[in-house]
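Here the structure is laid out as structure tokens; the discussion comes afterwards.
The figures here come from the full heavy-atom set of this structure, side chains too, leaving out hydrogens, waters and symmetry mates. Quick caveat: nothing in here was measured; it's all calculated off a predicted structure.
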Amino acid sequence: MKAPVRVAVTGAAGQISYSLLFRIASGEMLGKDQPVILQLLEITPALEALKGVAMELEDCAFPLLAGIVQSDNATIAFKDVDYALLVGARPRGPGMERKDLLEANAAIFSAQGKALNDVASRSVKVLVVGNPANTNALIAQRNAPDLDPRNFTAMTRLDHNRALSQLANKTGSSVNDITHLTIWGNHSSTQYPDLYQVKVSGGAAMDLVAQDWYEKDFIPTVQQRGAAIIKARGASSAASAANAAIDHMRDWALGTAEGDWTSMAVYSDGSYGIQKGLIYSFPCTCADGHWKIVQGVENNAFSREKMAATEQELVEERDAVAHLLP
Ligand SMILES: NC(=O)c1ccc[n+]([C@@H]2O[C@H](COP(=O)([O-])OP(=O)(O)OC[C@H]3O[C@@H](n4cnc5c(N)ncnc54)[C@H](O)[C@@H]3O)[C@@H](O)[C@H]2O)c1
Ligand SMILES: O=C(O)C[C@H](O)C(=O)O
């Protein structure tokens with residue numbers, strides 16, 4: 001048996017975590033041979049509810065669950081963690097854009113960035129789920145100057161998975177037949193789901209769909225899917241968000257599928273002309289616990305315009321929280 005790794009989850013009594021924690025503890029994220037210690041962070045008023053979640057985790061008798069820490073103190077919850085899933089934040093309600101949450105949630109991520117800087121493992125892998133995810137990840141990263149900026153990522157895997165399903169439905173194929181999909185940019189309504197590189201059963205996806213459907217149906221559907229879920233469910237996506245978080249971390253830790261890539265919002269090194277330092281979603285491959293931005297994707301004028309628009313939104317979000325960026 002391997003030695004246990006420490007996995008922090010914030011917002012651990014919230015709705016996403018209720019789908020997430022049990023899957024981490026059952027080995028779906030890091031493998032069926034990897035014991036985990038869950039280090040759960042909540043705000044003080046939610047500690048009682050958190051206790052109930054921890055009791056249920058115990059009641060599953062997961063063979064891989066080697067311990068549970070519950071705290072309202074980030075320096076306790078993040079102590080020596082190898083993985084940190086930053087979920088805890090206010091979700092948006094009907095009619096809100098994710099960036100409307102910037103003020104409410106930004107302070108959380110500066111405090112948590114500092115705590116990670118102080119006590120987490122130096123190789124901690126951080127995934128920000130709480131919205132606006134990219135800019136929250138930027139805030140956490142900038143408040144953790146002793147950690148490699150590449151340790152901080154934000155989640156666009158839910159958008160990626162949504163796009164896979166939409167395309168599979170349209171083309172009458174299986175998600176298993178689809179490769180080389182990219183979500184570029186922000187986890188927001190400016191994101192750009194790019195089908196130009198996509199292969200369906202080895203052939204070009206754009207040969208199977210009309211440009212009109214791509215522009216007027218597919219792109220807005222993927223961009224607006226979070227809002228559509230909120231409208232239908234009366235609450236933001238939870239199980240699908242947890243599933244995407246598992247996919248993101250599993251690929252980062254254990255590697256992406258051979259011959260394909262995934263979408264991850266990562267620290268921009270200037271690839272594709274995107275401003276260095278933004279947390280921007282790119283096509284990424286992962287191996288040996290490290291992600292790499294796929295190079296050499298040829299973007300046409302349509303794509304470049306969409307990539308620039310979502311970059312511009314991230315620049316504006318960054319500028320709006322400049323006071324929280326040391
Ligand atoms: N990136 C994505 O694709 C994606 C998808 C779905 C939801 N989200 C976002 O995830 C976040 C959580 O969603 P949810 O549905 O689980 O919300 P929720 O309200 O059910 O749960 C959030 C939990 O976070 C806790 N919390 C608040 N401040 C905290 C802090 N400082 N430290 C620790 N915990 C704290 C709350 O007490 C609550 O239990 C929201 O911001 C939502 O918009 C992101
Ligand atoms: O849309 C939201 O506010 C929640 C989440 O980011 C989603 O995409 O479902």
Side-chain angles (χ1 to χ4, degrees), residues 8-17 41-46 71-75 77-78 81 84-120 124-147 149-156 158-159 185-191 226-227 230 236-237 241 245 248 264-268 274-281 310-326:
V9 179
T10 72
Q15 55 152 1
I16 293 176
S17 291
L41 182 68
E42 257 298 348
I43 53 172
T44 314
S71 184
D72 58 1
N73 180 335
T75 57
F78 293 161
V81 290
L85 292 91
L86 307 187
V87 179
R90 207 181 117 189
R92 68 174 166 153
M96 291 168 77
E97 284 294 329
R98 296 187 189 91
K99 68 180 168 207
D100 297 335
L101 297 170
L102 206 47
E103 271 306 305
N105 290 337
I108 296 175
F109 292 87
S110 65
Q112 292 183 357
K114 290 189 178 87
L116 286 165
N117 192 57
D118 290 346
V119 301
V124 62
K125 291 180 167 55
V126 182
L127 168 63
V128 176
V129 175
N131 278 317
N134 300 52
T135 297
N136 288 339
L138 176 76
I139 294 169
Q141 181 265 308
R142 293 277 285 268
N143 281 279
D146 303 331
L147 295 174
R150 295 171 49 87
N151 296 13
F152 289 82
T153 66
M155 193 165 92
T156 50
L158 179 53
D159 311 291
N186 200 1
H187 172 63
S188 78
S189 53
T190 67
Q191 69 178 267
I230 291 170
S236 70
S237 62
H248 177 114
M264 297 170 70
V266 297
Y267 183 81
S268 171
I274 302 302
Q275 275 194 40
K276 190 167 183 294
L278 290 176
I279 304 289
Y280 187 97
S281 182
T310 190
E311 176 188 20
Q312 180 55 32
E313 184 183 45
L314 283 170
V315 168
E316 285 164 18
E317 289 185 19
R318 179 193 66 196
D319 293 348
V321 294
H323 56 293
L324 290 168
L325 302 177

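Remark: side-chain polar atoms of Q15 are paired, donor with acceptor, to backbone N or O of S236 under 3.5 angstrom. With T153 contributing its side chain and V126 its backbone, the two residues share a donor-acceptor pair below 3.5 Å. Between the side chain of Q275 and the main chain of E311, no donor-acceptor pair closer than 3.5 Å is present. Side-chain N or O atoms of T310 include one that pairs as donor or acceptor with a backbone N or O of N186 at under 3.5 Å. For S237 (side chain) and G226 (main-chain N/O), no donor-acceptor pair under 3.5 Å exists by modelled atom type.
The side-chain heavy atoms of M155 and H187, taken from C-beta on, include no pair separated by under 4.5 Å. Counting only heavy atoms from C-beta outward, the side chains of D100 and R92 never approach each other to under 4.5 Å. Contact check for I279 versus V266: no side-chain heavy atoms found under the 4.5 Å cut-off. With contacts defined as side-chain heavy-atom distances shorter than 4.5 Å, the pair L314/E317 qualifies. No side-chain heavy atom of F152 sits under 4.5 Å from any side-chain heavy atom of K125. Residues L147 and L116 are in side-chain contact: their nearest non-hydrogen atoms beyond the backbone lie under 4.5 Å apart. A heavy-atom distance below 4.5 Å is not found between the side chains of D118 and F78.
F109 CZ to Q141 CD: the interatomic distance, rounded to the nearest 0.5 Å, is 14.0 Å. Separation of atoms CG (N151) and CG (D146) is listed at 11.5 Å; rounding is to 0.5 Å. Taking CG of L127 as the start and CG of L86 as the end, the distance is 7.5 Å to the nearest 0.5 Å. In this structure, CG in N73 is found 9.5 Å from OG1 in T44, a value given to the nearest 0.5 Å. Atoms CE and OH, on M264 and Y280 in that order, are 16.0 Å from each other to the nearest 0.5 Å. With rounding to the nearest 0.5 angstrom, the NZ atom of K99 is 7.5 Å from the OG1 atom of T190.
Within the structure, side-chain hydrogen bond (donor to acceptor under 3.5 Å, both in side chains) pairs that include any residue of residues 105-114 comprise K114-N143 (at least two apart or interchain).
Closest heavy-atom contact between A8 and V81: CB-CG1, 3.7 Å. Annotation for V9 and S17: closest pair CG1-OG, 3.5 Å, computed over non-hydrogen atoms. Shown here for L324 and A107, the closest heavy-atom pair between the two residues is CD1-N, 4.2 Å. Residue T156 comes nearest to A265 through the heavy atom pair OG1-N, 3.7 Å, listed as atom of the first residue, atom of the second, then distance. Here the shortest heavy-atom pairing between A245 and V129 reads CB-CG2, 4.4 Å. Between A89 and G130, the shortest heavy-atom contact is CB-CA, 4.0 Å.
A donor atom on one side chain and an acceptor atom on the other are not found under 3.5 Å apart for E97 and S188.
The side chain to side chain contact (heavy atoms under 4.5 Å, CB included) test with P132 is passed by exactly one of I139, L138, L102, V321: L102.
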